[in-house]
Amino acid sequence: MTASKRSGAVRSAARITEADAASSLEWYRLMVLARRFEEEAERAFRRGKIGGYLHVYTGQEAVAAGFLAALRPDDIFFTAYRDHVHAIFRGTPPQAVMAELYGKATGIAKGKGGSMHLFDVGRGFYGGYGIVGAHIPLATGAAYALRYPGGDRVLLCFLGDGAMQSGSFHEPVNLAALWGREGLCPIVYIVENNRYAMGTSVDRSTLVTNLASHFDAYGIENEQVDGQDFFTVKAAADRIVAQVRQTGRPYAVEAITYRFAAHGAADLFQPYRTKEEVEAARQRDPIQILERHLRVAGVLDDARVGAIRAEADAAVAAALQFAETSPEPPPDELERDVYGGD
Ligand SMILES: Cc1ncc(C[n+]2csc(CCOP(=O)(O)OP(=O)(O)O)c2C)c(N)n1
Ligand SMILES: [Mg+2]
């Protein structure tokens, strides 16, 4: 039986070397780009350019950044519907993500997935799922399939605090533990605890608010991590991914984070939380935290920050332009990539 690491388990930033700081500049650049991307995606949604639904990742960037930074190119990952930034971090061109949000033929899923169903298998991104909890069994089975023929690839499964309370969480997690006993389930469950599932706070969805500890019930090693600090997440992710790669056993992390924006487009008034609470959480903005570390380490100054922001503005403007001017998918696309089609 494992015991979740509780008191004081939210790890504080490790000491940062100059080499760490330099390699993290690229992640700072990507986080700034992602934030700009989400701002413009929301604006385009409000202007009626994007159909369906849209959920942004603003505030949670360090979680995906820290974990995706720990992956090898041949590793794979799954997430839910708050997925634009995961794709951008993994290298999907922002224009292909924006075009997907616009439902255009040049989108990363040919315009047929939209915001919630991004997919980029070539880069190891297996979606993008709109049904809460639905990807947990798929990701768990995929982890088994990765290890069954041998090899040492690893799979990350990002999920929300709300998704943990669905039936589709318990069965696969139990199976993962059993398969892991044979070294056959190299999966890291990353619970992004942003405190809410739409308007339902964590303490209204479970009595056991240490979400990492839920994995004790299945015999899966687990810990909590401060999800706002890139270096803290990255240090944990490097250690955990290496362990899972070596053992083939599952591991679970609860990343403590916060959703700065509304849940989604229909969440206008956010009656379930106060402005003061949001403002307090914004004081721990993951981009600001990383920026401060990098300034102290001497690899970032005002001029460099200005250049990185200008680059992000230009990349997002180009992505919007690409999405605007791309063609709609042709009608016969409806019958492609579906069972029973060509
Ligand atoms: C099976 C199912 N039930 C309900 C919904 C409606 N729904 C959409 S998002 C959401 C909240 C999920 O919260 P969480 O897992 O914490 O993810 P977060 O939005 O915080 O990233 C719900 C209930 C859904 N999409 N699928
Ligand atoms: Mg949540």
**Request:** Tell me whether the centres of the aromatic rings in F77 and Y126 are closer together than 6.0 Å.
**Result:** no
**Prompt:** Just wondering, do V97 and E100 contact through their side chains at under 4.5 Å, heavy atoms?
**Reply:** no
**Asked** Can you find a side-chain donor-acceptor pair between D83 and Y129 that sits under 3.5 Å?
**Response** no
**Complete:** With E61 as partner, the option from R36, R35, R29 fulfilling salt bridge (Lys or Arg N to Asp or Glu O under 4.0 Å) is R35
**Item:** E221 and Q243: side chain donor to acceptor below 3.5 Å
**Value:** yes
**Message:** For a 4.5 angstrom cut-off between non-hydrogen side-chain atoms, does M164 reach I136?
**Reply:** no
**Message:** I'd like to know whether the aromatic ring centres of F169 and F215 sit less than 6.0 Å apart in this structure.
**Reply:** yes
**Request:** Report yes or no: does R273 contribute a side-chain atom to a donor-acceptor pair with the main-chain N or O of G199 at less than 3.5 Å?
**Result:** no
**Prompt:** Quick one: do the Q228 and Y258 side chains pair a donor with an acceptor below 3.5 Å?
**Reply:** no
**Prompt:** Can you tell if the side chain of W27 reaches within under 4.5 Å of the side chain of F89, non-hydrogen atoms only?
**Reply:** yes
**Asked** Are the ring centres of F119 and H117 closer than 6.0 Å?
**Response** no
**Request:** Please confirm whether the backbone N or O of D75 pairs with a side-chain atom of R153, one donor and one acceptor, at under 3.5 Å?
**Result:** no
**Item:** Within-4.5 Å side-chain heavy-atom neighbours: R259 and R82
**Value:** yes
**Asked** Under a 4.5 Å cut-off applied to non-hydrogen side-chain atoms, are D226 and I256 in contact?
**Response** no
**Prompt:** Regarding H214 and N222, is there a side-chain donor-to-acceptor distance under 3.5 Å anywhere?
**Reply:** no
**Message:** Would you say the ring centers of F230 and H293 fall short of 6.0 Å from each other?
**Reply:** no
**Asked** Is the count of non-hydrogen atoms from other residues, nucleotides or ligands lying under 6.0 Å from R72 atom CZ greater than 12?
**Response** yes
**Fill in**
The side chain to side chain contact (heavy atoms under 4.5 Å, CB included) partner of F125 among I108, I76, T79 is T79
**Message:** Using ring centroids (six-membered ring only for Trp), state whether H55 and Y81 fall under 6.0 Å.
**Reply:** yes
**Asked** T274 side chain to E277 main-chain N or O, any donor-acceptor pair under 3.5 Å?
**Response** yes
**Request:** Assess whether side chain to side chain donor-acceptor pair (under 3.5 Å) is satisfied between T92 and D120, documenting all intermediate values.
**Result:** CA-CA 7 Å; T92 306; D120 190 353; 2.7 Å; yes
**Prompt:** Below 4.0 angstrom, N of the basic side chain to O of the carboxylate: do D337 and K110 qualify?
**Reply:** yes
**Message:** Could you tell me if E38 and Y57 have a donor-acceptor pair between their side chains, going purely by distance under 3.5 Å?
**Reply:** no
**Asked** Do Y28 and E291 have side-chain N/O donor and acceptor atoms under 3.5 Å apart?
**Response** yes
